[in-house]
Amino acid sequence: MANSLRYFVGNWKMFGVPGSYKILDKINQFYHKDQKNKNKYKIIMAPPDTLIYDFSKRFKNKKIIISSQNCYHQDLFGPYTGKVSPFMIKRLGVNYTLLGHSECRSAGETDEIIKKKFSLALKNNLKVIYCIGENKIQKRTKSTVKVLKKQILKVISKNNNFNNIIIAYEPIWSIGSGSIPSPSELKKNITILKNFIVKKFRIKSHPKFLYGGSVDKNTIKHFKSIKELDGFLVGGASKSSKNFIDIIKNFYK
Ligand code: 13P
């Protein structure tokens, strides 16, 4: 059910200075030596906006794909202090953006705003990694699937091209907490959502789904058996080349 290619995506959040490219250099070196598995996965890294231009030039012909972490919901140029439009991101040589991260949602991004960003990003030929996730109370009250379906329906529409969309399921209670969903629960929810999307949007193949939330070299073993997962969105452990490489190594071990 999973597409055979896996994605290991790193989200640096508010981390990194120009010299941090060395972290990506090491990951890139590891990739080139990983003869056995390197054709089985893609690496995408989302540094902060300050580093995107330099990193996208440095890694242009390398294996690491650079993504932005967000973009503004107005396009081109305009009187929006501190904001960066999808058009400006694309012009940096970047082909991916994260959208809808729970940290952005909790800073005030609504579904309506995310929907605008989403269609503008796709219009600018950016591939979108769209983050969804329930909070602790929603999990406790067993509303997880309902919340996730709503987040999907509020933002994605029928005319969007699923070849350019990856969904990242990141339970809010799991981000940075060390807690992860049980593999059976995760498998069940991803399966429900993949089938839901196929039916709702009348697409031929299952959409790609990543899992994010406390993924590290130890927790990764719990996710190995979940064939429905197309990859992982890693926060804290993506800031160290060793930790990130260990995740990939342990996944294929
Ligand atoms: P952690 O891996 O630090 O839990 O963060 C996950 C995340 O928010 C990635 O977008």
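Order of listing sets the numbers, starting from 1, for every ligand and every atom in it.
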* Ion pair check, D230 and K194, cut-off under 4.0 Å ->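 Salt bridge flag = yes for K194 with D230.
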* Asked: With the threshold set at 4.0 Å, does a side-chain nitrogen-carboxylate oxygen contact exist between K115 and D111?
  -> no
* Among K239, Q69, K13, whose heavy atom sits nearest atom 5 (O) of ligand 1? ->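 Result: the heavy atom closest to atom 5 (O) of ligand 1 is in K13.
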* Going by heavy-atom distance to atom 2 (O) of ligand 1, choose the closest among G235, S179, S174, C131. =>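 Looking at heavy atoms only, the winner is G235.
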Examine [X] against ligand 1 and note whether any of their N/O atoms are separated by less than 3.5 Å.
X    : answer
G236 : yes
E170 : yes
A237 : no
H101 : yes

* Output field: ring centroids F87/F77 closer than 6.0 Å ->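 Ring-ring flag for F87/F77: true, centres closer than 6.0 Å.
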* **Donor on one side chain, acceptor on other, E170 and H101, under 3.5 Å** =>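 Per modelled atom types, E170 and H101 side chains form a pair under 3.5 Å.
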* Answer with yes or no whether the side chains of D34 and Y41 bring together a donor and an acceptor at under 3.5 Å. => yes
* Asked: For ligand 1, is any non-hydrogen atom under 4.0 Å from I175's backbone (N, CA, C, O), its side chain (CB onward), both, or neither?
  -> both
